**Q** 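The structure follows.
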Amino acid sequence: MIAIISCGKRKSPYAKQAHQLYEGVYFKMLLKNALRLVELPHIYIISSRYGLVNSKQIIEPYSQTITANTWSIAGKIWSRGWDGGGSKF
């Protein structure tokens with residue numbers, strides 16, 4: 001089983017693993033709840049810049065917003081049986 005959560009606007013100014021990059025309260029709550037279901041390597045984050053990334057993947061900070069199109073593409077990935085590889089939107 002995997003868990004997919006959304007990214008957050010507030011980010012570290014330095015490259016970090018995805019689960020450490022996002023610093024907002026809402027993101028931390030989503031991550032905490034996801035960790036109740038699965039271990040960290042099985043948590044994926046929908047990033048408005050990088051697409052669907054593993055929570056342990058190192059990514060650079062960015063300034064971009066999730067759009068309706070991002071969620072639409074994420075839904076298509078999910079419905080097609082995503083294979084766990086990186087997916088850039």
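Since the structure is predicted, the reported quantities are computational estimates derived from the model, not experimental observations. Excluded from the calculations below are hydrogen atoms, water molecules and symmetry mates; all remaining heavy atoms, backbone and side chain alike, are included.
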**Q** For a side-chain contact (heavy atoms from CB on, under 4.5 Å) check, start with the C-alpha distance between L31 and I5, then their side-chain angles and the critical distance, and finish with the verdict.
**A** CA-CA 7 Å; L31 181 61; I5 60 177; 4.2 Å; yes

**Q** Using distance alone, with no hydrogens and no angle criterion, decide if S47 and Y62 have a side-chain donor and acceptor under 3.5 Å apart.
**A** yes

**Q** Going by heavy atoms in the side chains, are I43 and V38 under 4.5 Å from each other?
**A** yes

**Q** Report yes if the side chains of L21 and P61 come closer than 4.5 Å at any heavy-atom pair, otherwise no.
**A**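 When only atoms from C-beta onward are counted, P61 and L21 do touch, with a gap below 4.5 Å.
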
**Q** With rounding to the nearest 0.5 angstrom, report the CD to CE distance, E39 to M1.
**A** 11.0 Å

**Q** Kindly say whether Y44 contributes a backbone atom to a donor-acceptor pair with the side chain of S55 at under 3.5 angstrom?
**A**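 Side chain of S55 to backbone of Y44: no pair is present.
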
**Q** Atom OG of S63 and atom NZ of K11: how far apart are they, to the nearest 0.5 Å?
**A**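 If we round to the nearest 0.5 Å, S63:OG and K11:NZ are 6.5 Å apart.
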
**Q** Apply side chain to side chain contact (heavy atoms under 4.5 Å, CB included) to K56 and list each qualifying residue two or more places apart in sequence or on a separate chain.
**A** Q17, L40, P41, N54

**Q** Please collect all ring-ring contact (aromatic ring centres under 6.0 Å, His included) contacts where either partner lies in residues 1-23, sequence neighbours excluded, each pair once.
**A**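 Output for this query lists Y22-F27.
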
**Q** Taking the side chain as every heavy atom from C-beta outward, state whether I45 and L52 have any pair of such atoms under 4.5 Å apart.
**A**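 They are not in side-chain contact.
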
**Q** Would you sort out whether E60 and Y50 count as a side-chain contact (heavy atoms from CB on, under 4.5 Å), showing the intermediate values?
**A** CA-CA 9 Å; E60 297 282 335; Y50 297 105; 3.3 Å; yes

